[in-house]
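Here's the structure we're looking at; comments come further down.
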Amino acid sequence: MTERVPVLKIGDVLLVSIQVDLEDQIVLDLQEDLAARIVDSGARGVVIDITAVEIVDSFVGRMLATTAAISRMLDAETVVVGMRPAVAITLVELGLSLGGVRTALSLEKGLDMLARPGDDRPAQR
Amino acid sequence: MAGQEVSSRLVELLTAKDEQLASAWVEAVSRTLRGRMSLSELDRELRELYTALVDGLRKGAFDWQGEAYAELRALLAELSRSRARQGFTPTETATSVLACKDVLAPTTDTPAEDIHAYLHLGKLMDALALFTLEVYAKTREEIISAQSEQLMELSTPVVKLWEGVVAVPLVGTLDSARTQVVMEKLLQALVDADADQAIIDITGVPAVDTEVAQHLLKTVVAARLMGAECIISGIRPQIAQTIVALGIQFGDIVTKASLADALKHALRRGGADVTTAGGQA
Amino acid sequence: MNGPLPDLDADVQTLPIESNDDVVRARQLVRTLAQRCKLSLVDQTKLVTAASELARNTLVYGGGGVLRIGLVRRGGKVGVSAIFDDSGPGIPDVDQALTDGWTSGGGLGLGLSGARRLVDEFTLDTEVGGGTRVSVTKWGR
């Protein structure tokens, strides 16, 4: 697979907007790319926009949690934005609570959250 | 006498005095409906049926489920649906069809083979009346299910209380299906209103069982996954007792006594300055 | 060891699951059918997510297999049924496999147990050395 999800840099924040139906290998590639880009760019925050994502299964859910944990280790905060209601309900039913991942309703709110240090509000406490 | 002959004889009988027979039918039916339908409308409706019936007999004998009767069946279905919607009873609806039997009813000087033909017509009209009733019942079922859906919509309004704060006041008994609908509507409202605070007010809820409490908890967790916080307000003493007795953990979910307290909390968390009543804002 | 199969309609679609791409294809196929029988958006999402978990299980643990999917009818209701078959090693302890958090591979252990919670009907037939069949059904409201 040559398809990769692009990672954009805005100021000191990395922005990933997922627009494709996520195939497992793309997910793994993205996780690797992100870790590398955080180190290369010295980014302080990562925003993962899943507005266009129609389903999040346990594989993608795990990637989101792992990415948040990895980026925290590399001194960058991760915010997942734009989760659809149907996706959220399904994740709860599936038993995934995305422990430690911070979430925001929209890209704007997510960027806001990263701009305000000290505001700590993960999805699950 | 073969079916084809009988139906031909019927066609003859029905067409010979069609004007008179159709009028008699209209009159018989209009008596049972007691002026709740305009005569001209009824006249048009039944004359169409009459024509379709004769047509069906001519082309398809007594095979009322066949192709020749398609037109008649469509007309009957149309009639039953509109009767069901206008609130006519099943009897009134079926009578519209059955009254047709009476207009051809044999008298003492009817020849024997015409009585035979009449009996066949009677059977045919009975089958058609049953078909009418079936469509009638189906329509009523559709109306009932549409109404219960509307009721569900009505009973779960999601309102925007403030910039960034939406609330859903729940009133009445919560069952699992309704709680699920509320949950979906509330979460969608968060997106639509770009609100990151949600209040679920259960002041009007008389009782909560394990399943409903679980749905409420799931709603709160799902809202958090989307980046919003939920507050549950208006928990009545009995409900608090039930929830504790059931061993349901509300964990770190914020609960407030009243909707007002919940709104105050939501605004504070949203970063607004809140003063008490009478204070200078 | 074959359990009762959901009574699929005549037009059953079959999809081999041999690669990651097929998992994506399985999701798309399930969504198309879920939309056709007018499942609500939330129910569609639940069914597609369950199918994604099960398709991945078929691929990763079963070494590949086949998905058969079609519409089912019962008493005026219409639903979607999906059957995942593999001829892999089977599951030695079914109860354990259906427990949250238990995994024989590298996953979260939510695949089977989570998928079960997302659908209306769930049956699991497995035999050590004889493969695994999981069938799920979601009914329209």
Side-chain angles (χ1 to χ4, degrees), chain A residues 1-5 18-33 35 49-70 80 82-101 103 105 122-124, chain C residues 17-32 34-35 39-61 64 82 84 98-103 105-120 122 136 138 141:
Chain A
M1 279 312 277
T2 49
E3 198 174 3
R4 281 180 120 86
V5 179
I18 300 174
Q19 304 287 344
V20 292
D21 202 339
L22 286 171
E23 188 247 305
D24 290 1
Q25 193 55 46
I26 302 181
V27 173
L28 295 175
D29 290 345
L30 174 61
Q31 194 171 308
E32 251 173 59
D33 289 353
D49 179 11
I50 57 168
T51 311
V53 175
E54 288 180 336
I55 76 149
V56 172
D57 59 9
S58 64
F59 193 84
V60 175
R62 181 162 58 134
M63 179 278 279
L64 293 175
T66 313
T67 302
I70 293 173
V80 172
M83 187 185 292
R84 298 179 177 198
V87 170
I89 292 171
T90 303
L91 274 181
V92 173
E93 210 68 56
L94 193 60
L96 267 181
S97 52
L98 299 190
V101 179
T103 53
L105 276 178
Q124 280 291 291
Chain C
I17 297 177
E18 309 289 350
S19 72
N20 281 336
D21 282 349
D22 294 332
V23 176
V24 176
R25 256 174 234 129
R27 290 201 289 250
Q28 287 161 350
L29 189 57
V30 172
R31 184 173 292 276
T32 312
Q35 282 165 348
L39 289 186
S40 74
L41 182 61
V42 172
D43 284 345
Q44 278 179 36
T45 310
K46 284 181 179 176
L47 181 64
V48 175
T49 309
S52 182
E53 300 291 342
L54 296 174
R56 186 176 299 107
N57 276 358
T58 301
L59 181 66
V60 175
Y61 303 112
F84 294 85
L98 283 169
T99 310
D100 269 357
W102 187 86
T103 175
L108 285 170
L110 287 171
L112 275 181
S113 56
R116 180 160 69 163
R117 281 192 296 270
L118 292 175
V119 295
D120 296 324
F122 180 99
V136 294
K138 189 114 193 141
R141 273 185 210 168

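We use all heavy atoms of the structure for the numbers below, so side chains are in, but hydrogens, waters and symmetry mates are not. Letters go in sequence order (proteins before strands), and every chain restarts at 1. From a predicted model like this one, the values you see are computed outputs, not experimental measurements.
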Proximal component of C:V23, with respect to chain A [non-hydrogen, under 4.5 Å]: neither
Less than 4.5 Å apart, any side-chain heavy atom of C:V119 and any of C:K46? no
Residue pair C:N20 / A:Q25, side-chain donor-acceptor N/O under 3.5 Å: no
What part of A:V56 lies closer than 4.5 angstrom to a heavy atom of chain C: side chain, backbone, both or neither? backbone
Could you check if a side-chain atom of C:S52 sits within less than 4.5 angstrom of a side-chain atom of C:R56, using non-hydrogen atoms only? yes
Select one option (side chain, backbone, both, neither) describing which atoms of C:R31 are under 4.5 Å from chain A's heavy atoms. side chain
Charged N to carboxylate O under 4.0 angstrom, C:R27 versus A:E54? no
Pick one of side chain, backbone, both or neither for C:Q44, based on which atoms fall under 4.5 Å of a heavy atom in chain A. neither
